Colleague: 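Sharing a structure below in structure tokens format, with a few things to ask.
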Amino acid sequence: MRVAVEILTGTLFYIQVGDDATVADLKKEIEAQQKLPQDRLILFLDNKQNHLINEEGDGASLVDCGVQDGSHIYLFFDPLDTDESSSHS
């Protein structure tokens with residue numbers, strides 16, 4: 001299946017994955033194509049339910065998450081924890 005992925009900056013790109021692909025597979029493809037760290041990716045499916053894809057976990061199949069050929073996915077980033085070094089007293 002081919003899905004459109006849009007970053008909040010307005011960048012739109014397409015990812016091709018198998019029909020049996022998982023959330024982790026999609027994240028790996030995004031990382032490979034766009035050089036973005038897969039462990040920080042938050043995926044949000046643009047459909048009638050406006051579904052957060054990540055809530056089922058990375059092992060869930062994309063089809064089970066409601067993703068289908070031609071789906072539009074918004075890509076967000078989990079912020080880095082910049083307070084980690086200052087939280088030690």
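These figures come from a predicted structure and were not determined experimentally. Nothing fancy with the numbering, it's 1 onward along the sequence.
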Colleague: Would you say V3 and Y14 make side-chain contact, with heavy atoms under 4.5 Å?
Modeller: no
Colleague: Do you know which two heavy atoms are closest between A32 and K35, and how far apart they sit?
Modeller: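 That closest heavy-atom pairing would be O-NZ, 3.1 Å.
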Colleague: Identify, with sequence neighbours excluded, every residue that meets side-chain contact (heavy atoms from CB on, under 4.5 Å) alongside Q16.
Modeller: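 With neighbours one apart ignored, the set is R2.
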Colleague: Would you please name every residue forming a side-chain contact (heavy atoms from CB on, under 4.5 Å) with A24, sequence neighbours left out?
Modeller: T22, D58
Colleague: So, taking the atom named CG in D20 and the one named OG in S61, what distance separates them when rounded to the nearest 0.5 Å?
Modeller: 8.5 Å
Colleague: How far does CZ of F13 sit from CD of Q34, to the nearest 0.5 angstrom?
Modeller: 4.0 Å
Colleague: Using distance only, find each side-chain donor-acceptor pair of residues 4-11 under 3.5 Å and give its atom names and separation, not counting sequence neighbours.
Modeller:
{"unit_1": "E6", "atom_1": "OE1", "unit_2": "H72", "atom_2": "NE2", "d": "2.8"}
{"unit_1": "T9", "atom_1": "OG1", "unit_2": "T11", "atom_2": "OG1", "d": "3.2"}

Colleague: Distance-only check: which donor-acceptor pairs under 3.5 Å involve side-chain atoms of residues 36-43, not counting sequence neighbours?
Modeller:
{"unit_1": "Q38", "atom_1": "OE1", "unit_2": "K28", "atom_2": "N", "d": "3.3"}
{"unit_1": "R40", "atom_1": "NE", "unit_2": "D78", "atom_2": "O", "d": "2.7"}
{"unit_1": "R40", "atom_1": "NH2", "unit_2": "D78", "atom_2": "O", "d": "3.1"}

Colleague: Give the minimum heavy-atom separation between L45 and C65, together with the two atoms involved.
Modeller: CD2-O, 3.7 Å
Colleague: Please walk me through it: do L26 and I30 pass side chain to side chain contact (heavy atoms under 4.5 Å, CB included)?
Modeller: CA-CA 6 Å; L26 178 59; I30 293 171; 4.1 Å; yes
Colleague: Distance check, rounded to the nearest 0.5 Å: L75 atom CG versus I15 atom CD1?
Modeller: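 Those atoms lie 9.5 Å apart.
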Colleague: Could you go through V67 and M1, starting from their C-alpha distance and side-chain angles, then the distance that decides it, and tell me whether this counts as side chain to side chain contact (heavy atoms under 4.5 Å, CB included)?
Modeller: CA-CA 9 Å; V67 178; M1 80 176 85; 3.8 Å; yes
